[in-house]
Each structure stands twice: as structure tokens, then as C-alpha cells.
Amino acid sequence: MAEVILMPRLSDTMTEGVIAAWHKNVGDAVKKGDLLAEIETDKATMELESYQEGVLLHIGTTKGGKLQVNDLLAIIGKAGEDVASLIASVSAGAPAPATEPAPAAAPAPAAPAASAALDVAAMEEVVLMPRLSDTMTEGVIAGWQKNVGDTVKKGDVLADIETDKATMELESYKDGILLYQGAKAGEKILVNDLLCVIGAAGTNIDAIVAAVKSGAGATAPAASNAAPAASPAPSTPATTVVAAPAPAAPAVQAVVNEGRIFASPLAKKMAEERGIDLRYVKGTGDNGRITKFDIDGYVPATASAAPASQAVTAASAPQVASGVVSFEDQPVSQMRKTIARRLSESLFTAPHFYITMSIDMDAAVAARAKINEVAPVKISFNDMVVKATALSLKQHPKINSSWLGDSIRTNHHINIGIAVAVDEGLLVPVVRFADTKTLSEIGVAVKGFAQKAKDKKLQPSDWEGSTFTISNLGMFGVDEFTAIINPPDACILAVGGIAQVPVVKNGQVVPGNVMKVTLSCDHRVVDGAAGAAFLQTLKSLLEEPLRMLA
């Protein structure tokens, strides 16, 4: 039987969507995971994948057309199947035999006669779980900000939703009283399942809930039917220990700096005068650099007698008796699930190859010091790498491309994703049109994204639309590494730290500042010669940074 796909709510404030492009035409075969269309929402242009297999029999509107949320978007079924009556019934406002199913959800059962009279799509009271990111398939209720019975106004925060990329605040777009919650804190709800009901006092909640559940397939289970993985998340991870733990260890200092330590000359002098070991001081300057303020604010731990190795162990693991089996199980977050899925797909479907190049950073080190004397914001080496990368991509558009299966998309705009580490995993906010920005503008954008990522304030519009990605581990003392391509980008640049090593200049061995970068390429799009040419341009810009300012 043919399946109806309704226009999904792709953001918490979306009321309508514009078809930016169709990737399938009527009559084309469609498989699960195939890209059906690109939909322009109020926040971003997102890709809509198919969750069923068959033939595309009908589209609700052509490219550039506008559809309201829950309007008929497409119909997928068997070749030659007559869908005229289905189109008429959906257009007339009757409930469709099947709404857009969430991934892995069973086909929607036929709605019973009791609920057939209720048009769920037209109910102002019903709030469905929105797709808050382009890859989100389910959300976890991190916490409710409104309880059943509370008055709700437009703009009030209803709940905190943990998606596959971040924890986001869901605002109400209607006034009324919160009458029903589809799940408790810690439970999962699939996209387009019933999240809550908002309406006037005395509304028949049972009829609405029954209509939604019968007309939209599987919805959020009640607490008694929840799978073990969907049980409320504990405030701290559960730890299994097979014996009584050892007595608590005395306070110890954790080593925060290993290997080369970056500190200002004044901070080094103050630390030496006060007998402070810089290994234990956390720097707040650029790239973790220790400053005078860090020394002034440093408070050593008391009663520390354990060596550094024991300090790390004591800080990161519970104290257990020697010879006792101990372990800790942590539930996998939505973000970590998506990282695992997307990077596994990338590594096992895109044939990766890697090119490494060493770059002389002496001129960049000198130029950065001079730039920071007059720049409105402090410029980091990462900002210089972003700028040089953007200018290099303009000269090598093949690197700024994406594999689409039947075609290769060469992007004329340059949006660079910057990998940012957070406690739950990794986010990649995007510096848009990076080639047109100054070093100061790039610095402001990157620092702002880093802070928003740590505060869990990034929005889908912040991380969507990259054409190239940079992952920099240099500030952690990493000399060289390889990175997995961030789809749909064709390449990712892994940036190591700047190390002082002996180099040969004019026939003499002298100390030099060298940085290694590794370009990971999708061999379906980029060949070795193209990748090497890109790195040569990047190298020339960083070794002569004044060229970036021309």
C-alpha cells in the first residue's frame, strides 16, 4: 500500500517549508536513506531522507513551492499504483493512512473509527517532537520546564531536548495550559511522535492522545512500556564495584599540562618565585597559554603526597581495593550515537587517503605577534590556518566538493566547519563564507562558537552547511594525526601543534617552528595530485602570511 509523507516540522519554530530541490522525480525508485528533497526552513536548508522503499508516485509541490507543516509532501508505493483517491483524501483534510514514519517505526496501523473524526494535523493543541537537526531521529527529554497544569505562553521554554548534536531548549509556539506530557525526563521520543498537549482547561485529552497514537504509528511509550535504555537517566553514571572501596585518598593535584608548556615570560618568572609547578596550572590564554592571572588565581591542593600518575587515577576513577574487579557503564548519549553512525558510514563507504606536509611556521609566529599588537581581538594560529585554508580552497575548488552518488557537487561558496570538543563528543560549527572574512572576524566567530558549544547553546543553523572541515589538536600537544571525513565534505584537514625542531636553512642547522598538517581525502572526488596541490598552496600562504592580507 502506498505511504504518505507529510511535510515534517524540521525546527521548533517551523510552520512551513519551501522545496529547495527534489533529488528524486516521479517514477524514480527510492530506497531507505535515499535523499528525497532539500527543504528550506525558517533556520536552514535541510536534507530529507526517505524512510521507506518503493517508487515515488506523487510530489506535493514542485521546486520553489511552499507547503505547510503536515501538508502532503510525497507518496511512495508500488509502480503503477493508483493514488488519486489517497491524494483526494489527504487534500480534503481526512487523516492519511500513514503519516511520515519515524526511522525504525512500524507502519502506522489503520485509525479506528472513534478517532477518524479527529484531524490530528489540524489540532492546535498537539505538539509533536520536532526534528531539531538534519540527522535527528529521536530526542531525549533532558528536563521539563513546565509541568502539567502550568500556564504556557508563546516563547516559554517547554522542555530541554537532548538531540544527536546538542541539548536544546524547545519553546512553545502557542498559549494555553500544559495538559499532557508524552514522556518523562530521561525518556526518548521519536521525531513526529506526541511530545505534549497544550490547550484550554477541560479539553478531552484522552480523545486527542488516542487520535494521535492511532493516526501516527508508534508514539512515545508510557513509562511502564519503556525499554530499559529509555529509562530516566541517573544524575551520575552507575558504577559497579565488586567489593567495598578503599578509604578515600588525600587531596591530590591533577596534571593539566604535559609535554611542552606554553606560558608568558611574566607567568614563568612569577611561578619560579612562588615555587609553583606549571604542570598543575590551567592556562586561560590563547591555546591554553598560562598568564599572570592564572598564576595569581592558582590555589594548590593540600595534603598532596601522591605522584602525578596516581593523581590522574584518583581524579578519574573511583577508589577500589586492589585486586577487585570494577567497571563503569555509561548510557550512550544521542550525540555519541550519531558520531558513531556518521563517522562509521564515512570511514567504511568513502575510500580515504591521506597526505601529510610539514610547514615552516617561523614567519607565521612573527606575523601573529605583530598582528596582535593592533588587532581588535587576539588572533590564534588556528584562525590563521582557517584563513589560509579558505583562500586555498578558492584556488582548488575540487577540494571544496561533495560526493552525491550520481554527481559531484563543486561548491562555489566556502563554509569551513571547525571541530569543537565538548564533554558529550564533538560538534562542528561552521564559519560561513570564510574566504571573505578578516582574521579578526574569523577569530570572533571561532571563539563564539567554542563558547556556545560548551554552553550547549549551538543551534542547527550553526553546524549545518559545511563544505570543508578543520580539526586542530595542536593545542593538546599532538604533533600529527589523521581525521575521518565529515560528510558530505570531501576532505578534512588535521592540524598538529607547532614544535621547535632543528631545520636546515641556508646550509645551516638552526632551530625552527614546524607544524604538520594531514589532509584526508575522499578518493571518489579528490585525487592525490589535487590534494597535494592544495597543501602546497596552504603551505605557501602560511609560510608567507602577508599574502593572506593582500
Side-chain angles (χ1 to χ4, degrees), residues 11-12 43-44 46 130-136 139-140 142-143 157 159-171 233 256 282-289 330 332-343 346 377-387 389-390 415-434 437 439-476 478 481 483-489 492-495 497:
S11 79
D12 52 333
K43 291 184 176 179
M46 299 187 177
R131 182 179 284 108
L132 299 177
S133 80
D134 53 336
T135 56
M136 174 181 171
V140 175
V157 177
D160 296 322
I161 308 293
E162 181 188 347
T163 73
D164 53 347
K165 292 183 176 178
T167 299
M168 304 173 65
E169 294 180 344
L170 178 66
E171 295 183 359
V256 295
K282 182 175 179 59
T284 59
D286 292 342
N287 298 324
R289 189 167 181 259
Q330 292 181 316
V332 180
S333 67
Q334 299 296 104
M335 183 186 297
R336 181 56 64 183
K337 286 181 182 178
T338 300
I339 291 172
R341 176 178 59 80
R342 285 174 59 83
L343 294 187
S346 174
V377 296
K378 292 298 182 183
I379 304 301
S380 69
F381 288 113
N382 188 67
D383 300 334
M384 300 179 74
V385 171
V386 173
K387 179 66 175 179
T389 299
N415 291 347
I416 297 182
I418 310 296
V420 177
V422 294
D423 292 341
E424 297 83 359
L426 197 66
L427 292 173
V428 187
V430 179
V431 178
R432 303 183 186 281
F433 310 108
K437 295 185 183 296
L439 283 170
S440 296
E441 290 173 335
I442 291 173
V444 170
V446 172
K447 289 180 177 65
F449 282 141
Q451 188 59 50
K452 288 173 69 176
K454 292 176 182 178
D455 295 339
K456 298 183 178 180
K457 297 296 184 181
L458 284 175
Q459 299 298 311
S461 56
D462 293 329
W463 63 63
E464 294 162 353
S466 69
T467 61
F468 186 90
T469 305
I470 294 175
S471 180
N472 191 339
L473 293 179
M475 65 284 293
F476 298 105
V478 175
F481 70 104
I484 299 175
I485 296 169
N486 177 39
D489 302 349
I492 184 172
L493 185 70
V495 182

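Considering only heavy atoms from C-beta on, Val431 comes within 4.5 Å of Val446 through its side chain. Here the side chains of Phe481 and Leu473 are in contact, with some heavy-atom distance below 4.5 Å. Taking 4.5 Å as the limit, every side-chain heavy atom of Ile492 sits out of range of all side-chain heavy atoms of Phe468. For the pair Val385 and Leu493, the minimum side-chain heavy-atom distance is below 4.5 Å. Side chains of Met384 and Ile379 form a contact here, defined as non-hydrogen atoms less than 4.5 Å apart. The closest side-chain heavy-atom distance from Asp383 to Lys378 is not below 4.5 Å.
For the atom pair Leu343 CG and Ile484 CD1, the distance stands at 5.0 Å (nearest 0.5 Å). Summarising the geometry, atom CG belonging to Asn382 is positioned 4.5 Å from atom CG belonging to Asn472; distances are rounded to the nearest 0.5 Å. In this structure, CG in Asn486 is found 12.0 Å from CD1 in Ile470, a value given to the nearest 0.5 Å. Note that CG of Leu439 is 12.5 Å distant from NZ of Lys437, once rounded to the nearest 0.5 Å. In this structure, OG1 in Thr467 is found 7.0 Å from CD1 in Ile416, a value given to the nearest 0.5 Å.
Minimum interatomic distance between Ser466 and Gly417 (heavy atoms only, all atoms of both residues): CB-N, 4.0 Å. Of all heavy-atom pairs spanning Ile485 and Pro487, the tightest one is O-CD, 3.1 Å. Closest non-hydrogen pair, Pro130 versus Leu170, comes out as CG-CD1, 3.9 Å. Scanning both residues, Leu426 and Ile339, for their nearest heavy atoms gives N-CD1, 3.3 Å. Taking both residues in full, the closest heavy atoms of Gly465 and Asn415 are given as O-ND2, 3.2 Å, listed atom of the first, atom of the second, then distance. When all heavy atoms of Val377 and Ser440 are compared, the pair lying nearest together is CG2-O, 3.6 Å.
Judged as a side chain to side chain donor-acceptor pair (under 3.5 Å), and not counting sequence neighbours, the contacts of Asp462 are Lys452.
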